[in-house]
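As the structure lists them, so they are numbered: ligands from 1, and atoms in each ligand from 1. Atom set for the values below is all heavy atoms of this structure, side chains included, hydrogens, waters and symmetry mates excluded.
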Amino acid sequence: MPEYRFLKTPSEGETITFNGSLEVPDQPIIPFIEGDGVGPDVSQAARIVFDEAVAHAYGRTRKIVWFDVPAGEAAFKKYNDYLPNDTFEAIRQHRIAIKGPLTTPVGGGFRSLNVTLRQVMDLYACVRPVRYFEGVPAPVKNPEKLDVVIFRENTEDVYAGIEWASGTAEANALIEFLKTKFNKTIRAESGIGIKPMSAFGSKRLVEAAIRYAIAHNKPSVTLVHKGNIMKFTEGAFMKWGYEVAKEKFAEETVTEQEVNELHGGKVPEGKVVIKDRIADSMLQQVLLRPDEYSVIATPNLNGDYLSDACAAQVGGLGIAPGGNINYMQGMALFEATHGTAPKYAGQDAANPGSLILSGAMLFEYLGWNEAAGLIYSAFGRTIQQKRVTYDFHRQMEDAELLKTSEFGKAVVENMG
Ligand code: NAP
């Protein structure tokens, strides 16, 4: 048990453990960060949905014991610390947690709380499923054709935070070093950023994507990279991706090239096809041929762009869920993917969809698929009934405008 400075572990409930796979008690303790801005509103609405889903699915046999842990502005006010160590310890101890959005205070030297949580806890896979919910106003003709799960590498690439401003001693020293050591000329007064990508980091991410595809009977895993230009980072990501497929999943996978050259263009029964696409072309592909893609594995920056572009395509930017997962250690932090939307803070107006669907992902990760299924179907039904929050209401005809809390209750009603 960790020694907390000010937190107290809930008196009921048990800790989830990990022994190669998760061992989930019937009353697991799950740390919950409400978040800043609209965070408390969406968290309260979502929590009612989570509790009801578990009660509907399992009666009295299962229950989540929520453990409120502080982060962001609320934590700063109370403990003079945006991310208290107690919060890290609670998440580490209990393994699976969920959070609302957190403000990134503007000002020198402050790193994003979200990026810090992901990196410090080594949550290396950012998993973003993107699918269409019937009735959601979407900008394309056939939004239902896109149904992808994006695995974005979460710890490396230009997000590693290794960069120096133009004119600093460090930037100048690097420019000088590259000139004298490697005869590479960089313009004076350049800012310098480093893009590290390792075999270890890339392979564990692609492995997670392939395992997911196999477990969920998905037809393909697409490695999305910009390896035609950045050969030893993005290109290596692709190479390592194909390697891990061969090394660990030779029986279950086949490459697109093998399908064409050895199998006459027909995918052998039960095999997951491993293919790759250049990142810029992929942004066209998801628009023009969305049904050719199912699981996507990609480095950090590509994944950032691609997941927002895909979510927007199905009209779901405000309801897109996400999870940050370390599959090797059984640690995960699920989160609303939107920000704190400060102008709606405390107004009971924001859409709680992103956090609600992130909770459904959390239940799937626990293996509580019945609770997750109830959330997905009740959420879909509520949208189809055109009972929506302001963001969808302004784009839909004849819709009923609901507050955040009312939307949560409507989802619960639809579980019945
Ligand atoms: P934002 O909070 O996502 O808000 C931008 C706009 O998106 C809002 O004004 C609103 O649009 C819409 N929106 C976001 N969440 C919504 C919801 N739940 N329901 C309905 N509409 C929603 O982005 P931001 O203004 O750039 O960032 C604000 C703060 O959030 C910053 O401190 C940023 O660092 C932080 N942030 C945190 C996370 C995270 O915790 N994962 C992610 C991104 C940003 P309309 O005004 O058009 O209605």
Heavy atoms only, cut-off 4.0 Å: how does T103 contact ligand 1, side chain, backbone, both, or neither?
both

Can you report which non-hydrogen protein atom sits closest to atom 9 (O) of ligand 1, along with the distance?
K343 CE, 3.6 Å

Checking side-chain polar atoms at under 3.5 Å, does D348 have a donor or acceptor matched by the opposite partner on S405?
yes

Distance flag, aromatic centroids of F32 and F334, threshold under 6.0 Å:
no

What part of R118, side chain, backbone, both or neither, has a heavy atom within less than 4.0 angstrom of ligand 1?
neither

Evaluating non-hydrogen atoms only, which member of A341, A336, G37 is closest to atom 4 (O) of ligand 1?
A341

Shortest reach to atom 25 (O) of ligand 1 by a heavy atom, considering only P342, G353, A71:
P342

In the protein, which heavy atom is nearest to atom 33 (C) of ligand 1, and how far is it?
T104 N, 4.2 Å

Polar side chain donor-acceptor pair, Y4 to E89, under 3.5 angstrom:
no

D304 and Y159: side-chain donor and acceptor closer than 3.5 Å?
yes

Could you pull out, from G339, G72, G322, G318, the option with a heavy atom nearest to atom 36 (N) of ligand 1?
G339

Go through it in stages, so that I can follow the logic: the residues are K239 and E243, the test is salt bridge (charged side-chain N to carboxylate O under 4.0 Å, His left out), and I'd like the CA-CA distance, side-chain angles, deciding distance and then a yes or no.
CA-CA 6 Å; K239 179 174 100 53; E243 277 174 18; 3.3 Å; yes

I need the nearest protein heavy-atom contact for atom 37 (C) of ligand 1: residue, atom name and distance, please.
L102 O, 3.1 Å

Quick check on atom 27 (O) of ligand 1 - does any protein heavy atom sit closer than 4.0 Å to it?
no

Atom 29 (C) of ligand 1 has as its nearest protein heavy atom T340 OG1, 3.0 Å

State the atoms of ligand 1, each with its element, that fall below the 4.0 Å cut-off from a heavy-atom position in A350.
17 (C), 18 (N), 19 (N)

Just checking, is any N or O donor in the side chain of E364 or Y376 under 3.5 Å from an acceptor N or O on the other one?
yes

Does one side chain, of E156 or S198, offer a donor that lies under 3.5 Å from an acceptor on the other?
yes

